[in-house]
Amino acid sequence: MTEKFSPAAGLGNYHLQTVFARFHRPQPWVSTDCHWFDTPDGDRLALHTPRELKDDATRPLVLILHGLEGSVASPYAQGLMESLLERGYQVAVMHFRGCGGVPNRLPRAYHSGDSEDPRWLAKQLKRQLPNTPLVAVGYSLGGNVLLKWLGEDGKESPLTAAVAISAPMDLHACARRIDRGLSRVYQKHLLACLRRSLRIKAANPELAEAMPDLDEEAHFRSFRHFDNAFTAPIHGFRDVNDYYTRASSKPLLRYVQVPTLIIHAEDDPFICPSAIPTKPELSHCIRLEVSAKGGHVGFIGGSLLRPVYWLEQRIPNFLESVLNRR
């Protein structure tokens, strides 16, 4: 279906929708505490919470999965945390390995199909909070990870509900889209961020030895080049095509058995329209809302002087309808 989202006057352009929050909300405003979880393979995951988590059947926990090189400080994470806290939810943001400025311990990092880490973390949270409903919201890369996780788990999912925003559900198509026109500006920026993170990690000689050459410019020419040189070999994929095929969530959407909302904009500069699933590709548990405008993780309504971050209303409203909290 097509959801009726209207962009703010003056912010109709998809590039403005995509970047506006970075300038309007440049600094994080919701403070959090960091909790470290040691993983079975000898690494660790960071979980950021604004308040102490308590086992409470009346206060669901929302696990937020950020996008590529994002963190708890990302404006979309900050805004959603604030909105959910106001409505009485508990909130936690999982940092993918190596994100948030703290290198992880192993040569491997994270990738668009890395569903095992949130799955493992969810088990730890359910063990600590057995009576608390657990839901998840994923943005961009985190959205694809979430949808893949849901499809893999089917009826065994520990989640009560889920929301995916601007998810690159077909990585082949999305790699082509971001390597065209002005979208290459985003690609260049994100690749520079990845390179910086890897350089920090490479300060450890043992980790540096296990990684490809960071000074090889060809590795950072595009996401396809980077994923072929870094992501695929480090994470056990044969090559970039094997990675994109196995990590894409789109083929798994028909197996999702949890009430799930997917929000997407047709003008997303990161994602090719062909990546948007059709009705036969969706399970009966998925509600797909596609807007003509909204950019990538944008969806800013209201006015230029008084912007309204529509996702911070739509996501809690969906969760409340599923959890019967209204």
Are side-chain N/O atoms of [X] and [Y] paired as donor and acceptor at under 3.5 Å?
| X | Y | value |
| --- | --- | --- |
| Asp227 | Tyr244 | yes |
| Thr278 | Glu281 | yes |
| Thr132 | Asp56 | no |
| Ser248 | His172 | no |
| Thr18 | His15 | no |

(request) Report the relative orientation of the aromatic rings in His219 and Phe230; use parallel for angles under 30°, tilted for 30 to 60°, perpendicular for over 60°. (result)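 Judged by the thresholds at 30° and 60°, the geometry between His219 and Phe230 is perpendicular.
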(request) Start with the C-alpha distance between Val240 and Thr231, add both sets of side-chain angles, then the distance that settles side-chain contact (heavy atoms from CB on, under 4.5 Å), and finish with yes or no. (result) CA-CA 8 Å; Val240 64; Thr231 311; over 6 Å; no
(message) Counting only heavy atoms not in His189 (residues, nucleotides, ligands), do more than 12 fall under 6.0 Å from its NE2?
(response)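 Open.
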(message) For Arg199, is the CZ atom crowded, meaning more than 12 foreign heavy atoms sit under 6.0 Å from it?
(response)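 For Arg199, atom CZ is crowded (more than 12 foreign heavy atoms under 6.0 Å).
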(message) Can a donor-acceptor pair be found, under 3.5 Å and without considering hydrogens, that links the side chain of Arg287 to the backbone of Ile262?
(response)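 Here the side-chain-to-backbone pair does not exist.
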(message) Any side-chain to backbone donor/acceptor pair from Tyr255 onto Lys148? Under 3.5 Å, distance only.
(response)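 Answer holds: no.
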(message) So, applying side chain to side chain donor-acceptor pair (under 3.5 Å) with Asp114, which one of His235, Arg97, Arg108 is it?
(response)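 Looking at His235, Arg97, Arg108, the match for Asp114 under the side chain to side chain donor-acceptor pair (under 3.5 Å) is Arg108.
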(request) Output yes when Arg314 and Glu289 qualify as a salt bridge under the 4.0 Å nitrogen-oxygen rule, no when they do not. (result)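 Between Glu289 and Arg314 there is a salt bridge, with a charged N closer than 4.0 Å to a carboxylate O.
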(message) Please determine whether a side-chain nitrogen of the Lys or Arg among Arg105 and Asp38 lies less than 4.0 Å from a carboxylate oxygen of the Asp or Glu.
(response)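 So Arg105 pairs with Asp38 through a salt bridge.
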(message) In this structure, is the centre-to-centre distance between the rings of Phe220 and His225 below 6.0 Å?
(response)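 Ring centroids of His225 and Phe220 are no less than 6.0 Å from each other.
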(message) Using the ring centroid of each side chain, check whether Phe299 and Tyr309 are separated by less than 6.0 Å.
(response)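 Centroid separation for Phe299 and Tyr309: 6.0 Å or greater.
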